Amino acid sequence: MSNKRIDKKRQKLSTSPKSPSTLKPRYNENDWSQAELILDQLLECNTVCKNGFKLVKHKNEFEAIEWMINNLPTLPYVIDNYLNFMFTNKLTTGDEELDNNVLNPFLYKRNAKGVTNYSVLRDSIRDMLLYGKSGIRWLDEENGIIPVPAKRYTSIVKKDTEYLGFNRTVAYAISIDEDEPISLGNKPIELDRDEFRNSGRILSKNKDYMVVLPEDFINLRTDTTTENGISKLRQDKQRLELIGNVYQRLNYDIVYDGPGRLIFWMKDNFLNGGDIDVSANEILDQSNATKDLRAERAREEVKKLAQEIKNSSSDNVILGSSYFENKFDHIPRVTKATEFLEYLQMKEGSILAQCIGMTPELIGLGDVSGNVSMEKIIDNAMVNIIIPTREGIATQFSPLLSEKLGLPKVYFDKYEARYNVDRSSESYKYSLAVNSLIQAYQSSVEEGNSIPTNIQNQIMESLKTLTDHIIKIS
């Protein structure tokens with residue numbers, strides 16, 4: 001396609017852009033959309049990207065992330081609790097009528113896969129924390145949104161020629177097979193123009209991946225300054241791999257509960273042929289080659305003996321060799337299985353919570369000072385960690401949901417501090433107690449009953465104590 005033709009289409013695009021949902025089955029020369037323009041450029045684009053396109057792909061880090069997911073047993077507990085606190089408050093538009101009539105029916109409706117749209121949002125946030133990014137694809141209001149795992153899509157970006165200095169995301173390439181990661185390799189990008197003109201879908205010619213525009217896709221990321229985000233697990237890789245290795249070593253010690261390292265002492269005259277079953281020629285031959293041969297025999301004998309010890313049980317009989325002295329030394333292990341367990345009990349949960357970005361004490365994994373209430377810990381974590389994080393996440397999915405559902409915005413409802421609620425409740429209870437004492441005193445006086453002086457003093461002292469306490473906690 002000539003540059004002149006592209007410029008002509010861009011001029012038409014700026015005045016009457018069309019979304020994929022309004023595409024007609026076929027087009028004439030004057031009926032162009034943003035999708036058509038991108039398609040033409042993508043058809044000319046390969047891995048060299050002569051027209052400026054390039055594929056932004058992960059470095060090969062998924063294997064390392066999944067290793068940590070599979071080897072850190074406390075991770076699901078930490079992640080689930082983090083999400084529970086994040087969703088302490090419901091999603092809202094700020095308008096009760098819109099919530100009841102539009103947002104809530106959509107969130108709790110099942111999508112094309114039979115899963116609620118609410119669950120898609122929650123699960124996508126979980127995957128975003130683990131992998132750095134997670135995709136959410138819009139189908140339509142009836143079929144809802146579906147998750148797209150990080151491995152199944154990649155961003156297609158182009159250098160911005162208008163403002164300069166950054167790459168603009170123009171589309172997302174998604175693997176069509178749910179079980180296959182996106183893999184474009186070094187082959188040219190070949191898209192099916194006929195498929196697009198007939199159905200409005202941008203697919204590769206061999207139907208292994210599709211292209212979705214940003215208006216129908218959310219690239220949910222932990223760090224919006226990078227197209228692929230940053231996995232929380234990768235940010236604390238050293239400590240998390242250490243925990244995983246501790247588990248592996250602990251399992252090894254349990255399976256192979258052997259004696260540790262053993263030193264077998266060789267007889268002094270071995271290399272000279274003494275007390276060793278060798279031929280006469282070998283006794284006479286004191287060359288370096290012969291000594292090397294004897295040393296190799298000793299190594300093989302040690303290897304064989306060590307293997308028997310490793311694979312033996314407590315009632316096995318093991319025969320030693322005449323190559324060695326009638327003694328051996330046992331080198332004790334530096335660390336024991338119980339020490340590994342103690343380390344994991346003390347450190348694993350706290351490290352994982354810190355890695356995800358949560359106060360360990362919030363989920364019972366840290367040491368709580370005796371003079372700090374749990375309500376204060378929850379309020380502090382919510383106000384300083386959870387709320388700022390979830391607001392940043394909501395700003396990523398709110399534009400698409402607002403546009404598709406006709407809402408002003410979507411965000412997490414306001415959090416009400418638990419500590420303040422508890423203090424207000426306590427103050428209310430003391431106020432009731434004060435009021436009850438005053439009413440009892442007034443009733444007694446009105447009825448003409450004489451109250452002893454000492455009782456009056458006690459009532460006044462109680463009233464003063466209650467009043468002071470109300471002032472203190474207010």
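All residue numbers refer to positions in the sequence shown, counting from 1. What you see is a predicted model, and the numbers here were worked out from it, not measured in a lab.
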All salt bridge (Lys or Arg N to Asp or Glu O under 4.0 Å) counterparts of [X], not counting sequence neighbours:
X: Arg221; value: Glu227
X: Asp95; value: none
X: Glu141; value: none
X: Arg110; value: none

Exercise. Determine whether the aromatic ring centres of Phe87 and Phe412 lie less than 6.0 Å apart.
Key: yes
Quiz item: Between Tyr247 and Trp67, does the ring centroid distance fall short of 6.0 Å?
Solution: no
Partners of [X] by side-chain hydrogen bond (donor to acceptor under 3.5 Å, both in side chains), sequence neighbours excluded?
X: Asn84; answer: Arg122
X: Lys409; answer: none
X: Lys90; answer: none
X: Thr74; answer: Glu348

Quiz item: Yes or no on side-chain contact (heavy atoms from CB on, under 4.5 Å) for Asn111 and Leu139, after CA distance, side-chain angles and deciding distance?
Solution: CA-CA 9 Å; Asn111 64 11; Leu139 301 181; 5.9 Å; no
Measure the spacing between [atom1] of [X] and [atom2] of [Y] and express it to the nearest 0.5 Å.
X: Ile393; Y: Ile218; atom1: CD1; atom2: CD1; value: 12.0 Å
X: Leu130; Y: Arg234; atom1: CG; atom2: CZ; value: 13.5 Å
X: Gln238; Y: Ile243; atom1: CD; atom2: CD1; value: 12.0 Å
X: Phe397; Y: Leu121; atom1: CZ; atom2: CG; value: 5.5 Å
X: Leu75; Y: Cys355; atom1: CG; atom2: SG; value: 8.0 Å
X: Tyr108; Y: Leu103; atom1: OH; atom2: CG; value: 8.5 Å

Exercise. Quick one: which residue pairs count as a salt bridge (Lys or Arg N to Asp or Glu O under 4.0 Å) with a foot in residues 164-180, not counting sequence neighbours?
Key: Lys113-Glu178, Asp160-Arg168
Quiz prompt | salt bridge (Lys or Arg N to Asp or Glu O under 4.0 Å) partners of residues 97-109, not counting sequence neighbours, each pair once | solution = Lys109-Glu142
Quiz item: Among all residues two or more places apart in sequence or in another chain, which pass the side chain to side chain contact (heavy atoms under 4.5 Å, CB included) test with Asn100?
Solution: Glu96, Asn104
Is the closest side-chain heavy-atom distance between [X] and [Y] below 4.5 Å?
X: Tyr172; Y: Asn219; result: yes
X: Gln354; Y: Arg239; result: yes
X: Thr226; Y: Asp223; result: yes
X: Val157; Y: Val170; result: no
X: Asp413; Y: Leu91; result: no
X: Asp123; Y: Arg126; result: yes
X: Phe62; Y: Tyr131; result: yes
X: Ile174; Y: Val211; result: no

Quick check against the 3.5 Å criterion: does [X] have a side-chain atom that pairs as donor or acceptor with the backbone of [Y]?
X: Ser231; Y: Gly132; answer: no
X: Ser204; Y: Tyr209; answer: yes
X: Thr88; Y: Phe85; answer: yes
X: Thr92; Y: Gly94; answer: yes
X: Thr116; Y: Ser119; answer: yes
X: Asn89; Y: Lys414; answer: yes
X: Thr389; Y: Ile385; answer: yes

Quiz prompt | Sole candidate of Met86, Gln396, Arg390 that passes side chain to side chain contact (heavy atoms under 4.5 Å, CB included) when paired with Ile125 | solution = Met86
Quiz prompt | Chi angles and distances behind the side-chain contact (heavy atoms from CB on, under 4.5 Å) call for Asn71, Gln248 | solution = CA-CA 8 Å; Asn71 287 276; Gln248 286 190 326; 3.9 Å; yes
Quiz item: If you measure only the distance, is there a donor-acceptor pair under 3.5 Å linking the side chains of Glu391 and Thr395?
Solution: no
Exercise. Kindly check if the number of other-residue, nucleotide or ligand heavy atoms within 6.0 Å of OH (Tyr163) is above 12?
Key: no
Quiz item: Does CD in Glu403 sit with more than 12 non-hydrogen atoms of other residues, nucleotides or ligands closer than 6.0 Å?
Solution: no
Can you tell whether the side chains of [X] and [Y] come within less than 4.0 Å, N to carboxylate O?
X: Asp127; Y: Lys133; answer: no
X: Asp379; Y: Lys376; answer: no
X: Asp216; Y: Lys404; answer: yes

Self-check item: Aromatic Tyr82 / basic Lys232 pairing, under 6.0 angstrom, 45° off normal
Solution: no
Exercise. Could you walk me through whether Leu240 and Ile351 pass side-chain contact (heavy atoms from CB on, under 4.5 Å), step by step?
Key: CA-CA 8 Å; Leu240 296 185; Ile351 291 174; 3.9 Å; yes
Practice problem: Kindly indicate, with the supporting measurements, whether the criterion side-chain contact (heavy atoms from CB on, under 4.5 Å) is fulfilled by Tyr118 and Phe106. | Solution: CA-CA 8 Å; Tyr118 178 89; Phe106 173 79; over 6 Å; no
Exercise. Search all heavy atoms of Val383 against all heavy atoms of Pro388 and return the closest pair with its distance.
Key: O-CD, 3.4 Å
Tell me which donor-acceptor pairs under 3.5 Å the side chains of residues 144-152 have, and how far apart each pair is, sequence neighbours excluded?
{"from": "Lys151", "atom 1": "NZ", "to": "Glu66", "atom 2": "OE2", "distance (Å)": "2.9"}
{"from": "Arg152", "atom 1": "NE", "to": "Ser175", "atom 2": "O", "distance (Å)": "3.3"}
{"from": "Arg152", "atom 1": "NH2", "to": "Ser175", "atom 2": "O", "distance (Å)": "2.5"}

